[in-house]
Protein chains: 2
Amino acid sequence: MLTNRQLQILQVIVDDFVTSAQPVGSRQISKKEWITTSPATIRNEMADLEELGFIEKTHTSSGRVPSEKGYRFYVDHLLQPISMSAREIGLFQSVFKNQIVEMEQVIRESANILSDLTSYTTILLGPNVSKHRVKRFQIVPLSEQTAVAIIVTDNGHVENRTITLPQGFVPSDIEKTINILNERLVGVSLLELQSRLELETFNVLRQHVNTADSFIQSLRNVATFQNEGKIYFGGKTNMFNQPEFHDLNKVRALMEMMEKESQVISLFQHEDAGIHIRIGSENNHLVMDDLSVITASYSIGNDQEGSIAIIGPKRMDYQRVVSLIDVMRSGLSGALSNKVNDGL
Amino acid sequence: MLTNRQLQILQVIVDDFVTSAQPVGSRQISKKEWITTSPATIRNEMADLEELGFIEKTHTSSGRVPSEKGYRFYVDHLLQPISMSAREIGLFQSVFKNQIVEMEQVIRESANILSDLTSYTTILLGPNVSKHRVKRFQIVPLSEQTAVAIIVTDNGHVENRTITLPQGFVPSDIEKTINILNERLVGVSLLELQSRLELETFNVLRQHVNTADSFIQSLRNVATFQNEGKIYFGGKTNMFNQPEFHDLNKVRALMEMMEKESQVISLFQHEDAGIHIRIGSENNHLVMDDLSVITASYSIGNDQEGSIAIIGPKRMDYQRVVSLIDVMRSGLSGALSNKVNDGL
DNA sequence: TATTAGCACTCCCTCTTAATGAGTGCTAAC
DNA sequence: GTTAGCACTCATTAAGAGGGAGTGCTAATA
């Protein structure tokens with residue numbers, strides 16, 4: 001168990017290192033007015049803290065730097081919520097109050113604001129469409145052989161695919177197909193759509209419509225959706241400002257990671273909802289060893305969610321980011337749920 | 001006018017510098033088997049070439065490097081088409097032959113292949129939708145107040161917007177609106193759509209439908225499209241491999257540029273069609289001073305086009321890239337025009 | 001007259017060395 | 001338990017030396 005004085009010292013080390021990016025020495029700590037002991041005493045305490053694994057040296061005679069364990073302890077025990085400045089609050093309100101029409105735009109703006117305020121990189125995961133429910137099917141023929149199939153969901157999301165029509169398919173066949181699909185599948189969630197099609201709808205189609213297997217295959221494709229929401233980035237190049245990223249290889253690795261959708265998505269995986277902080281190697285990804293990720297999820301209406309992530313150096317201003325992400329999550333939830341209730 | 005020997009020497013300097021990224025010295029040039037003169041003579045010629053502005057030194061006693069004027073001359077007069085390897089041809093065919101369904105996917109893959117083959121960054125501009133023609137309007141109500149308006153174009157492209165319905169708008173009003181829109185606007189290009197709405201359709205609507213000005217405003221929004229095609233990137237991080245980009249600030253500036261849509265679009269602006277090469281400062285953009293951009297356009301069907309750009313260091317393998325981009329342009333044009341003819 | 005060998009000179013790059021300074025750990029005194 | 005004092009470590013910076021690649025010029029050569 002850490003003594004009070006050790007807690008104080010650990011806190012100063014983390015806080016100072018977060019702002020300066022320089023190893024923190026005993027003299028520097030002793031300068032804080034609320035620290036009354038001499039540098040020598042602090043050095044003894046630091047030796048203990050190091051032995052316990054909370055801080056480490058960059059070389060034999062350097063100041064101390066928080067270890068991952070140190071950050072973890074700081075995040076778990078020393079973090080205190082801070083309040084936001086008027087300017088920040090204003091910025092948030094500008095996105096949410098401003099009657100913005102499209103959900104997509106709200107999310108996009110949010111990502112930018114968050115990255116501006118933190119000067120870290122922000123990733124927003126849009127809501128997963130798989131819980132939307134079908135509102136309407138439509139098939140619009142383009143030519144003898146092709147048509148566009150459209151699904152409108154209860155949230156106003158529109159999915160569309162180009163499909164191939166069977167030989168000899170006539171307009172009345174299209175009408176019939178549309179009717180069958182709408183009769184049977186309106187209200188079904190996109191997640192269930194595939195299985196519902198297989199289990200019943202295809203059979204009905206085969207009975208009533210001059211159809212072909214290739215057409216059914218096309219419809220199968222229509223019902224296949226991306227499993228995850230769309231990804232929005234804010235401040236992709238912000239990491240260039242961080243001194244720990246003055247190394248080209250690191251920047252490069254990070255940039256490459258962000259180009260790969262699956263790797264980005266994996267940053268968001270969590271057992272439960274709430275605000276999560278993953279520090280350095282806790283991300284289980286070599287590229288992320290020097291980075292921390294703070295994630296939270298926001299909700300839209302009753303059962304849909306999206307996620308927010310802020311990626312910064314391990315030496316991240318956790319207090320601030322946690323506060324900001326919390327405000328953003330509730331702001332987004334509020335703004336977007338309203339839209340849903342309005343039927344949008 | 002340059003002598004034959006000067007042409008030869010300039011060519012060697014450009015070719016060698018392109019592959020090695022190192023200033024080229026007289027001795028190195030004299031080693032080429034088809035160069036028969038001694039280093040001393042070559043030095044004299046180089047002094048002349050330098051005076052004429054085609055090459056320059058990085059410092060007093062360094063080898064020579066092509067100047068922008070030198071590259072320009074090389075590109076205009078010394079470039080010879082090269083043939084592609086079997087492997088490369090195979091790669092291209094895999095995108096175009098493979099019966100890929102969605103146009104978007106073909107474009108995306110093309111960007112990746114091109115960046116893989118060149119190890120530069122590729123940008124593809126999707127076709128501009130403004131020349132598509134309306135195939136069908138659809139309005140799907142979501143709630144009392146909101147609905148989704150959908151436009152399907154003759155190419156199978158789907159545009160959609162959420163709109164607000166006027167108070168007291170009933171289903172039959174929606175039916176009427178859909179009919180009016182489809183009667184009057186099918187076949188109109190998206191470019192003209194706005195003006196056609198204003199000139200006639202809105203008046204008809206006002207006569208037949210219990211409508212409101214807010215509704216008309218919504219429809220106006222529906223007819224507003226992005227002016228340019230979608231942007232696809234390939235090999236965004238390839239520039240990290242180029243030795244001239246071992247400077248963090250340059251990489252950063254480039255990355256930031258690529259995040260800004262308008263700046264990316266401006267790379268494509270050209271008076272006429274065909275393959276264009278812009279070298280360094282010819283791009284009129286500070287960030288691009290060390291970069292060259294080769295652009296070409298591809299066509300889809302009769303009157304739509306998209307563009308291809310390859311961004312590399314000024315020290316770019318112009319011959320190869322020009323060949324590749326030319327193959328890609330005709331391949332893309334062929335593949336996508338077929339799709340259009342199939343009605344897709 | 002065009003070409004070339006020879007040579008002094010320039011500038012970059014790398015390696016070494018020395019000086020500086022921030023910070024530590026330990027010991028002994030308070 | 002705390003602290004002053006001091007020897008020690010290591011990163012960082014600056015200055016200097018040596019080597020190498022390449023040039024420009026001059027004088028000799030074909």
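We name chains A, B, ... by the order of the sequence lines, and we start the count at 1 in each one.
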I'd like to know if B/Ser61 reaches the base of D/dT23 with its side chain, counting only an N/O donor and acceptor under 3.5 Å.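 Flag unset: no donor-acceptor pair detected.
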Comparing B/His59 with A/Pro23, nearest DNA chain C nucleotide closer to 5' gives the residue B/His59
Nearest whole Å is fine: how far is [N] [atom2] from [X] [atom1]?
X       : N      : atom1 : atom2 : answer
B/Ile55 : D/dG24 : CD1   : P     : 9 Å
B/Ile29 : D/dG22 : CD1   : P     : 10 Å
A/Ile42 : D/dT2  : CD1   : C1'   : 12 Å
B/Asp48 : D/dG24 : CG    : P     : 10 Å
B/Asn44 : D/dC25 : CG    : P     : 9 Å
A/Glu45 : D/dT3  : CD    : P     : 11 Å
B/Glu50 : D/dG24 : CD    : P     : 7 Å
A/Glu51 : C/dG25 : CD    : C1'   : 13 Å

Could you walk me through whether B/Thr295 and B/His270 pass the side chain to side chain donor-acceptor pair (under 3.5 Å) check? CA-CA 9 Å; B/Thr295 50; B/His270 280 290; 3.1 Å; yes
Give one of base, sugar-phosphate or nothing for B/Ser62, where a contact means two heavy atoms less than 4.0 Å apart.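 Sugar-phosphate, no base atom in range.
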Sugar-phosphate only, base, or nothing, as touched by A/Thr58 at under 4.0 Å among non-hydrogen atoms: nothing
Think [X] has a side-chain N or O under 4.0 angstrom from the OP1 or OP2 of [N]?
X       : N      : answer
A/Thr60 : C/dT24 : no
A/Arg64 : C/dG25 : yes
B/Arg43 : D/dT26 : no
B/Lys57 : D/dG24 : yes

Would you call the rings of B/Phe54 and B/Phe73 parallel, tilted or perpendicular, taking 30° and 60° as the class edges? perpendicular
Are B/Tyr74 and B/Asp15 linked by a side-chain donor-acceptor pair shorter than 3.5 Å? yes
Inspect the contact between A/Glu282 and A/Lys314 and indicate whether a charged nitrogen and a carboxylate oxygen are less than 4.0 angstrom apart.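 Answer for the salt bridge query: no.
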A/Arg64 and salt bridge (charged side-chain N to carboxylate O under 4.0 Å, His left out): which partner among A/Glu51, A/Glu56, A/Glu50? A/Glu50
